[in-house]
Amino acid sequence: MIELKGVSRDFGDGKIVHALSDIDLRIEKGERVAVMGPSGSGKSTMLNLICGLDEPSRGSVRIDGVDLTQLNDDDRTRLRREKIGMIFQTFNLLPTLTALENVALPLRLQGIRKNEAERRSREMLVRAGLADRVTHLPDKVSGGERQRVAIARALIFKPPVLLADEPTGNLDSHTGEEILTLLDDLHRELNTTVVLVTHNKEAAAHCDRILRLRDGRIVGQEQVEAA
Amino acid sequence: MLTALASVTWRQWRRHSLRTALTIAGIAIGVAAFFAVRTANRTLLNSLSLTIEKLAGKSTLQVIAGESGFPEEVWEIVRSTPGVKIAAPVIEVIANTGFDDAANLMIVGEDTLGEQGLREFLFEESSIELNDPLVYLAQPNSIIVARTFADKHGLKEGSKLPVFTSQGRREFTVRGIFQPIGMGEVFGGQIAAMDVFSMQYVFNRGRNFDRIDLLNEPDVSVEELKARLESRLKDYTAVEVTRPAARGKGIENAVAAMSLGMTIASFIALLVGLFIIFNTFSISVSQRSKEIGVLRAIGTERGSLQRMFLIEATMMGVLGSVIGIGLGLFAARGTTAIMSGIAASIYSYVGTPEPPQFRWDYALLALGLGVTASVVAAWLPARAASRLDPVLALHNIETRQKEAVLGRPRILLGTLMVVVAILLIRFAPAKVGLTLQFAYMAMILLGLVIVLPRLAELIARALRPLADRFFGTESVLALDAMIQSPRRTSATVAALMVSLSFVFATAAYVQSYQRTVVQWMDRFLNVDIFVTTSELARTRTYHFSEELSAQIASLDAVKRIENVRFTFIPFRGDTIAMISLQMDGWFARVKDVIEGADPEEARRLVTSGQGIIVARNFVSRFGIGAGSTLRIDTPTGVLERPIVGVIEDYSSEKSVVFLDRELYKQYWHDNAVDIMDISLKPGVDANAFKVELQKTLRGEHRAFVYTNAEYKRWVLNLIDGFFVLNYLQMGIAIIVAALGIINTLIISVNERKRELGVIRAIGGLKRQIRRMVMFEAIAIAFIGVSVGALGGILSTYFLVRTAATMIGGYTIPFRFPISLVIITLPIVTIIALVAAWWPARRAVNLGVIEAIGYE
C-alpha cells in the first residue's frame with residue numbers, strides 16, 4: 001500500500017545533508033507502523049515524502065501503486081485531500097474556525113456543499129466524543145480535545161492512509177492514552193494504514209511494527225507483540 | 001543595548017534592501033513635493049515682486065487704484081504736492097503681437113514727453129539705445145523694445161512691430177532697444193515701452209492711468225510724503241499710496257488660492273509618503289515577529305525594542321528627506337514654471353524669471369517634516385513590536401489571541417466626534433474662520449478612523465454567511481483573517497476611506513456646482529454670441545473699445561449688444577468683482593431672478609443708476625443685502641447706492657456687484673469693454689454669424705467669439721480644469737489602495753503562514769490559497785469603498801455647507817453621487833485584485849513544510 005524504493009533525500013548546496021539514504025520500505029494496507037529514532041534521524045522527512053509535501057532526491061514513493069514522484073503539485077495535493085489524513089503534534093487547527101468548521105474543512109476544499117460537509121463532520125465529532133464541543137473555537141477547548149478535533153478532521157473523508165506526527169507529544173500521559181485509544185478504535189473501524197512518528201514507547205506499543213531510524217537509515221524493525 | 005540592536009537593524013536593511021529603498025523613496029517623494037512647492041511658491045512670489053521692483057525702478061512710492069486705474073486729475077494733484085520730485089504716470093498692458101507666434105508683449109506706457117530726468121529715472125539701468133530721441137518723442141507710434149524680444153523677432157531700429165490694440169491692429173515703429181537688465185528683464189524680456197498718452201488712446205484708457213511712480217525730494221522723507229499725498233487724495237477714496245515693496249503682499253493675496261491648492265497637493269504627497277512608511281514598518285514588524293520574540297526572550301526590554309524601530313525610522317527619515325530635498329530643488333524649476341504660467345494666464349501677473357533659490361530654512365523645515373513623518377508613521381508599528389508577546393511570537397497558532405478590538409470608550413469617542421462635527425457644521429457661525437471650519441471635517445474623518453476597526457469587523461462578520469453561501473470556504477477563511485485582525489486591515493481601509501472620501505466629496509461638490517452653474521447660465525447667460533478679449537474671457541489689462549462694439553452693433557443681424565466691463569475693485573480690505581453693463585438690456589432678457597425686492601422697482605432704480613444689485617455670495621461674505629446702502633470707494637470719490645435686489649450668481653468667488661454701465665463710467669471714468677453680449681435678430685443662425693464676425697475681426701482685432709453653447713461648454717470646461725484636483729485625488733487613492741492592499745496582504749500572509757501551510761497540507765490546492773488572498777483583497781476594497789462612501793457623504797455635507805460658503809459665498813445644493821460610488825467599487829476591486837497578485841504568489845509559493853514548522 002505504501003512503498004518506498006531506494007528513497008534518498010538530500011538537503012543543502014555546499015555541504016550536503018543526507019536526511020534519508022536508500023530507504024526501502026513497504027507498509028501493507030491496514031498496518032500500523034511506528035517510526036522511532038533520535039532527533040535528526042529523518043522521521044519527519046520520511047513523513048513529508050509519504051504525504052507528498054516533499055519529493056525524494058532519488059527513488060520512488062508509491063501510495064496504492066501511484067508513484068508520487070510522477071505527479072505534479074496539484075495531483076499530490078488532491079492525493080492528500082482524498083487519500084491521506086494528517087495529524088500534527090501541534091494540532092494545527094485553524095483558530096478562527098469552530099471545531100465543526102475545522103473538521104469540515106477538507107470536505108469543503110473538495111467542493112462538497114456546506115450542509116452535507118457539516119452533517120458528516122458532526123457525526124465524526126460525536127464519534128470522537130466531542131458532541132458538546134461542536135461550536136467551540138480551538139482556544140476554548142483543551143489540548144486533548146483539540147487533538148480529537150484534529151483526528152476527526154484527518155479521518156472525515158475516510159482516508160486509506162493516516163500519518164501522525166507525534167500526536168501525543170503535547171499532551172499529558174492520560175490524555176495521550178485517550179488519543180491513542182481513539183486512534184485504535186477508528187483504525188479498527190476504517191482499516192486505515194497508519195504511520196505514526198513518535199518518541200513515546202507507549203504510543204509505539206499501539207502499533208503493529210516499529211521502524212527505527214538513525215542518520216537517515218533504517219537500523220531496525222520489530223514486530224509488536226499483541227497485548 | 002542599542003549598539004547591539006543596531007547590527008540587527010543593519011542586517012535587516014541589507015536583507016530587505018528593496019523594502020528599505022521603497023520606504024526611503026516614500027519619504028523622499030513626500031519631502032520632495034513639499035520642498036518643491038514651497039520653493040516654487042517663494043520663487044514665484046519673489047519673481048512677481050521683482051517685476052514690481054524692476055518696473056518701479058527708482059521710485060520710492062506708487063499711487064494705485066485697482067484694475068481700472070484713476071483719472072488724470074489725480075496725477076495733477078500728486079505732482080503738485082510739495083516733496084514730490086518726480087511723478088511718472090504709467091499704464092501697463094499685456095498685448096498680443098501680430099507675429100506668427102502671437103507672442104505676448106508687456107507694454108509699459110511712460111511719460112516720455114516729460115522732463116529729461118524722468119527718462120533717465122525710468123530707463124537708466126536699462127540703458128536705452130536710442131539713436132534719435134526727437135523722432136521717438138515726436139511720433140505717436142514709436143515704441144522701444146527690450147533686446148531679448150528684438151533679437152527673437154529680428155527687430156532693429158525702424159522695424160515694424162504689429163500689435164493688437166483696443167483700436168485694432170496697429171503697427172508701431174521700433175525707435176530704440178533697451179538692454180536686458182533692469183526693466184528689460186521683466187516678463188522674460190518680452191517688454192516694450194511707449195508714450196503713456198499714446199497708450200491711453202490705443203488701449204482705450206480714456207484719461208486714466210494705472211499708477212504713478214514717485215520719487216521724493218531728498219529733504220522730504222518717504223513717510224512724510226506718503227502722509228501728505230494721502231491727505232491730498234482723501235476724496236479719491238479708491239486711490240492708495242504705497243511703497244512698491246508693499247504691493248507684493250497684494251499680489252501674494254491674489255495668487256493665494258493657487259498657492260494654497262499646490263501646498264495642499266504637496267501635503268497629500270507627504271501623507272502618501274507617511275502611509276507608505278507606516279505600511280512598510282508594519283510589514284517589517286510582522287516579518288520580524290520571530291526575531292522580536294527571540295530578542296525579547298533573551299532579555300531585550302520593550303522600550304529598547306521600540307527605540308530600535310524608531311531609530312530605524314529616524315535614520316530612514318533623514319536619508320529620505322535629504323534625497324527629497326535634492327529632488328525637490330530639481331523639481332522646483334518645473335513647478336515654478338507651472339505656477340508662473342497660471343499666475344500670468346489667470347491672474348495676469350507676470351514674473352521676472354529667476355532660478356529657484358535654495359533656502360536653508362525651507363530645507364530644515366522639509367527635513368524636520370520628513371523625519372517627524374517617519375517617526376510618527378513608525379510609532380504604532382514600533383509600539384506593536386514592543387508589545388509582542390514573545391511566547392506567541394515563537395509558538396503555535398491556536399494560542400494566538402484575537403486582537404482586542406477597540407473598547408467601548410474609544411468607539412463612543414469616535415462616534416461622538418463625528419456627531420459633534422456634524423452639529424458644528426450645521427450650527428456653528430461662519431465667523432470662526434476657514435481653518436477652524438476645516439477642523440470640523442478633520443474631526444469627522446478622525447472619528448471615523450477611530451471606530452473603523454470595529455466597523456470593519458462588523459462588516460466582515462455581516463459578509464461572512466453570504467460569502468460562505470456564494471463563494472465557499474476560501475472566502476470564509478479570508479473574512480476570518482480580517483475579523484481576527486481588524487487593526488491590520490483597518491489601517492489600509494482607513495487610508496482608502498480617507499482618500500475615497502476626498503474623491504467622492506470633491507466629485508459631489510463639482511457635480512453639484514456644475515449643475516448649479518448650468519442652471520445659472522441658462523437663466524443669465526442667454527444671449528446668442530459672446531465676444532471676449534482672451535481665451536479666459538477677460539484679461540486684467542487688455543480691453544475692447546466702445547467703437548468696436550458700435551461697429552458690431554451696426555451689423556444687420558444684431559438685435560442688441562451689451563457691453564460688459566468685468567473688473568475687480570478693493571472693498572473692505574479685500575477684493576470684489578464688479579460687473580457693469582447696460583442693465584435695461586439685461587432686465588429685458590433675464591426674468592424672475594431678483595430676490596428681496598419688487599422686480600419692476602429694481603429695474604427702474606438700477607437702469608437709472610439709482611440702485612445696485614449684488615450676488616448672494618456678496619451677501620454671505622459681507623452681511624450686506626437688499627435694503628442696505630452700499631458704499632464703494634471709486635477713483636473719483638465714494639459711490640453710495642442702495643442694494644435693490646439680490647441674485648444667485650456664479651461669475652466670481654470673490655462675490656459680485658452689478659451696476660449700470662453709465663453709472664460705472666461716471667465714477668470710474670472708464671469706458672473699456674471686456675465682453676460683448678450679442679443678441680441676434682430672430683431667424684439669424686448664430687453659427688453662421690460667428691463665422692462672419694470672425695472674418696470681420698480677423699487680422700484687425702484680437703477677439704474670441706463664442707456661440708451660446710460654446711461659451712457654456714467653455715465655462716464648464718473651466719470648472720473641470722479647476723477641479724483637476726479630483727483626478728489627482730483619484731490617482732492618489734489608487735496608489736494608496738494598491739500599496740495598502742499589497743502591504744496588508746503581505747502581512748496577512750506572513751502572519752498566517754502556518755495556517756496556510758496547514759490548509760495546503762490537508763489538501764488545499766494552490767489556486768484555493770490564491771483565491772483566499774484575492775478574496776481578502778476584494779473584502780478590503782468593498783469595506784473601503786463602503787466606509788469611503790460614508791466619509792464622502794459627511795465630507796460632501798461639509799463642502800457644500802461650509803467650504804463653498806466660506807470660500808466663494810456660494811450655496812450649493814447637497815447631492816451625493818451614488819453613481820460614482822457604484823463605478824468606484826469595481827475599479828477599486830480590480831486594483832485590489834492586481835495589488836493582491838504578488839502577495840497571493842507569495843502565499844501560493846510558501847514552503848509548506850517550513851510553514852508548518854516541522855523541525
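Within every chain, numbering begins at 1; the chains are lettered A, B, ... in the order of the sequence lines, protein sequences first and strands thereafter. Side-chain atoms are counted along with the backbone in the values below, which use heavy atoms only and exclude waters and symmetry mates.
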Heavy-atom side-chain proximity of K766(B) to T77(A) below 4.5 angstrom: no

Any side-chain heavy-atom pair of L477(B) and L105(A) under 4.5 Å: yes

Interchain contact, R771(B) with chain A, by part (heavy-atom threshold 4.5 Å): neither

Options Q89(A), R76(A), E101(A), ranked by heavy-atom pairs under 4.5 Å with chain B, top entry: E101(A)

Chain B contact via D74(A) - side chain, backbone, both or neither, heavy atoms under 4.5 Å: both

Side chain / backbone / both / neither for R153(A) at chain B, heavy atoms under 4.5 Å: side chain

With E755(B), the side-chain contact (heavy atoms from CB on, under 4.5 Å) member among L94(A), L93(A), L97(A), N92(A): L94(A)

Test applied, side-chain contact (heavy atoms from CB on, under 4.5 Å); reference residue, T96(A); option that passes from D480(B), V476(B), L479(B): D480(B)

Nearest-0.5 Å distance, CG of residue L765(B) to CD of residue Q110(A): 10.0 Å

Spacing of CZ belonging to F157(A) relative to CD1 belonging to I762(B), to within rounding of 0.5 Å: 8.0 Å

Nearest heavy atoms of L109(A) and G763(B), plus distance in Å: CD1-C, 4.1 Å

CG (D215(A)) with more than 12 external heavy atoms under 6.0 Å: no

Residue K29(A) excluded, over 12 heavy atoms near NZ under 6.0 Å: yes

Most contacts with chain A, counted as non-hydrogen pairs under 4.5 angstrom, among R760(B), R767(B), E474(B): R760(B)

Choice from A761(B), G472(B), G757(B), G847(B) maximising heavy atom contacts with chain A below 4.5 Å: A761(B)

Under 3.5 Å donor-acceptor, R469(B) side chain and K114(A) backbone: no

